[in-house]
2 protein chains.
Amino acid sequence: MKPLKISEAVVRRLPIYLRFLNELSLSNILTVSSQDLGEKLDLNPAQIRKDLAYFGEFGRKGVGYNVDYLIEKIRQILKLDKMMNVALVGTGNLGRALCNYNMYIKDNMKIVAVFDADQSKKGTLINHLTVRPMQELSASVRELGITVGIITVPAPEAQNVADQFVAAGIRGILNFAPVVLKATPGVRIHHADFTAELLSLAYYMDNIKGSKDGDGDL
Amino acid sequence: MKPLKISEAVVRRLPIYLRFLNELSLSNILTVSSQDLGEKLDLNPAQIRKDLAYFGEFGRKGVGYNVDYLIEKIRQILKLDKMMNVALVGTGNLGRALCNYNMYIKDNMKIVAVFDADQSKKGTLINHLTVRPMQELSASVRELGITVGIITVPAPEAQNVADQFVAAGIRGILNFAPVVLKATPGVRIHHADFTAELLSLAYYMDNIKGSKDGDGDL
DNA sequence: TAGATTGTTAATCGATTAACAATC
DNA sequence: TAGATTGTTAATCGATTAACAATC
């Protein structure tokens with residue numbers, strides 16, 4: 001009934017809604033309007049209503065949205081109902097941080113296996129998880145029902161790891177390495193690219209206050 | 001001559017171009033076409049040409065772009081010429097990882113001061129940096145000429161830290177906490193929101209292969 | 001009933017892509 | 001000269017916002 005193509009921009013806002021709704025729910029707030037949401041999330045209320053309306057009629061005119069009901073609906077849409085098992089490759093600083101982090105992700109994703117190409121790390125413990133060698137990747141993915149892979153290796157190795165994930169049958173990848181990975185049909189790749197985020201931040205920083213054209217170097 | 005407003009989408013692609021150009025330069029490749037770039041970065045060549053053309057005529061017809069020249073130009077555009085000093089607040093797993101990481105960021109940004117609200121962490125060493133108490137934030141920002149702040153505290157504290165950054169005179173913030181921060185005029189805020197990235201990944205994962213409407217739960 | 005707020009259509013705005021003359 | 005590739009205009013596509021009837 002709604003096989004209508006949903007734009008990526010819309011899907012990317014859903015987790016933002018969800019997160020804030022969870023906060024409201026914890027504060028025992030029962031109802032919220034698109035107006036309220038818009039103010040808190042810095043978005044246009046019309047946009048929020050439109051986003052949600054793609055998936056159904058979740059609100060009540062004159063009243064707003066029932067917080068818990070909307071949470072339930074968004075979780076369904078994002079398929080956060082069932083737990084997904086995650087593999088992480090690359091046990092450098094960032095990889096280890098993410099393994100310990102887990103609590104943030106644990107909403108519905110859990111890192112259940114950790115890998116590193118460096119044989120000397122084999123067997124090391126990271127937050128109750130034993131570091132495994134890459135040779136075991138395929139077998140682990142199968143045995144543990146892993147569907148998501150996280151890449152936290154240095155940039156030059158990232159594509160190789162991605163290829164191994166794909167070969168092992170993983171369905172989604174979150175890549176932290178600062179490279180653009182070649183996409184494979186049937187496997188979704190998202191980039192968590194904070195170095196790019198930092199570099200583009202620089203662009204806006206001096207542009208901000210009324211320095212007009214400013215081609216001088218001060 | 002070009003005070004023309006550049007779209008955010010364009011600016012966000014520049015670091016991606018820059019990164020790949022740096023790779024090419026290291027491989028001693030002198031020239032690159034928008035075609036080549038497009039293939040490697042999974043972008044439309046016309047878009048790349050248009051993006052670059054906002055800032056000047058950097059290419060040569062029939063030839064392409066000189067790699068090193070283009071690198072230089074993009075660095076100028078993004079204002080990566082001079083080093084920017086960065087403060088980081090929150091020495092949990094992620095914060096510590098970023099401090100050690102530095103190499104990736106060091107292109108032009110350097111974490112020069114680390115803070116934590118937890119007094120018991122005061123004086124701890126993280127990669128040659130001493131953890132400071134929040135009371136010292138303003139003074140440090142002034143003394144060390146810090147212009148960028150990174151937030152790696154738990155979500156409920158993030159807005160408070162952002163406010164302190166703003167009060168201290170910081171010009172740009174990169175926020176890793178999973179909350180939307182209230183923007184302040186004159187201060188640019190970017191979000192490094194990998195939990196949202198993970199949640200939206202879930203949406204696309206089963207949609208991928210031809211499971212059509214699939215309202216069953218298999 | 002009066003006030004509030006949704007869902008949705010239409011209008012606007014912006015970003016991407018195609019196409020091609022200019023030119024190296 | 002012939003082939004390649006830019007810079008740029010025009011066409012297309014998509015996303016955001018405004019406006020308002022429906023209705024709680």
Side-chain angles (χ1 to χ4, degrees), chain A residues 1-14 16-17 20-21 24 29-71 73-74 77 180 183 200 203-204, chain B residues 1-14 16-17 20-21 24 29-71 73-74 77 180 183 200 203-204:
Chain A
M1 199 111 249
K2 293 233 171 205
L4 166 71
K5 222 227 158 216
I6 306 296
S7 103
E8 209 156 310
V10 173
V11 175
R12 281 173 187 279
R13 281 189 292 266
L14 296 179
I16 312 291
Y17 300 156
F20 183 65
L21 290 164
L24 292 179
I29 291 166
L30 301 179
T31 278
V32 69
S33 67
S34 59
Q35 182 80 226
D36 296 344
L37 282 171
E39 263 157 40
K40 295 301 189 163
L41 302 178
D42 206 13
L43 295 169
N44 184 305
Q47 181 170 68
I48 295 174
R49 292 200 299 278
K50 197 157 200 283
D51 283 356
L52 297 174
Y54 283 117
F55 303 98
E57 306 202 355
F58 302 146
R60 282 221 292 159
K61 298 183 192 200
V63 178
Y65 299 90
N66 177 294
V67 171
D68 288 327
Y69 180 70
L70 192 51
I71 287 175
K73 284 304 180 184
I74 296 182
I77 296 163
V180 176
S200 61
Y203 175 84
Y204 289 102
Chain B
M1 199 108 246
K2 292 231 171 211
L4 167 69
K5 224 233 161 209
I6 306 296
S7 104
E8 209 156 307
V10 173
V11 175
R12 280 174 188 279
R13 281 189 292 267
L14 295 179
I16 312 292
Y17 301 157
F20 182 65
L21 290 164
L24 292 180
I29 291 167
L30 301 179
T31 278
V32 69
S33 69
S34 60
Q35 183 79 225
D36 296 343
L37 283 171
E39 263 157 40
K40 295 300 189 161
L41 301 179
D42 205 13
L43 295 168
N44 184 304
Q47 181 171 69
I48 295 174
R49 292 200 298 280
K50 196 158 201 283
D51 283 356
L52 297 173
Y54 283 117
F55 303 98
E57 307 203 353
F58 301 147
R60 281 221 293 161
K61 297 181 193 199
V63 179
Y65 299 91
N66 177 296
V67 171
D68 287 327
Y69 180 70
L70 192 50
I71 287 175
K73 283 304 180 184
I74 296 182
I77 295 164
V180 177
S200 60
Y203 175 85
Y204 289 103

K.L.:
Atom CZ of A:Phe58 to atom P of C:dT8: distance rounded to whole Å?
P.N.:
11 Å
K.L.:
So which nucleotide does C:dA21 pair with, by the Watson-Crick or G-U wobble rule with both distances under 3.5 Å?
P.N.:
D:dT6
K.L.:
May I ask you to test the B:Asp36-B:Phe20 pair for a side-chain heavy-atom distance under 4.5 Å?
P.N.:
no
K.L.:
How close or far is atom P of D:dT9 from atom NZ of B:Lys50, stated in whole angstroms?
P.N.:
9 Å
K.L.:
Starting at CG of A:Asp68, measure out to CG of A:Leu21 and round the result to the nearest 0.5 Å.
P.N.:
9.0 Å
K.L.:
Take atom CG of A:Asn44 and atom C1' of D:dA19, then tell me their distance rounded to the nearest Å.
P.N.:
12 Å
K.L.:
Rounded to the nearest Å, what distance is computed from the CZ atom of residue B:Arg12 to the C1' atom of nucleotide C:dA15?
P.N.:
15 Å
K.L.:
Between C:dG7, C:dT16, D:dT5, which one does the side chain of B:Lys61 approach most closely?
P.N.:
D:dT5
K.L.:
CD of B:Gln35 versus P of D:dA4: gap in Å, rounded?
P.N.:
11 Å
K.L.:
Counting C-beta onward and ignoring hydrogens, is there a side-chain heavy-atom pair between A:Tyr17 and A:Val32 closer than 4.5 Å?
P.N.:
no
K.L.:
Between D:dG7, D:dT5, C:dT17, which nucleotide has the shortest distance from any of its atoms to the side chain of B:Ser33?
P.N.:
D:dT5
K.L.:
Are B:Ile6 and B:Asp51 side-chain neighbours, meaning at least one heavy-atom pair lies under 4.5 Å?
P.N.:
no
K.L.:
With a 4.0 Å limit, can you tell me whether B:Ser34 has a side-chain N or O closer than that to the phosphate oxygens OP1/OP2 of D:dT6?
P.N.:
yes
K.L.:
Measure from the side chain of B:Tyr65, starting at C-beta and using heavy atoms only, and say which of C:dA10, D:dT6, C:dC24 lies closest.
P.N.:
D:dT6
K.L.:
How many whole angstroms separate atom CD of A:Gln47 from atom P of C:dT8?
P.N.:
17 Å
K.L.:
Sort out the partner of C:dG14 for me: Watson-Crick or G-U wobble, both distances under 3.5 Å, none otherwise.
P.N.:
D:dC13
K.L.:
Between atom CZ in B:Arg60 and atom C1' in D:dG3, what is the gap in whole Å?
P.N.:
15 Å
K.L.:
Classify A:Arg49 by what it touches in the nucleic acid, base, sugar-phosphate, or nothing, heavy-atom distance under 4.0 Å.
P.N.:
base
K.L.:
Output the distance between atom NZ (A:Lys50) and atom OG (A:Ser34), rounded to the nearest 0.5 Å.
P.N.:
14.0 Å
K.L.:
Could you check A:Gly62 against A:Ser7 and say which one's nearest nucleotide on DNA chain D is further toward the 5' end?
P.N.:
A:Ser7
K.L.:
How would you label the contact of A:Glu57 with the nucleic acid (heavy atoms, under 4.0 Å): base, sugar-phosphate, or nothing?
P.N.:
sugar-phosphate
K.L.:
When you measure from the side-chain N and O atoms of A:Arg13 to the phosphate of D:dA15, is any distance below 4.0 Å, counting only OP1 and OP2?
P.N.:
no
K.L.:
How close or far is atom P of D:dC13 from atom CD of A:Glu8, stated in whole angstroms?
P.N.:
18 Å
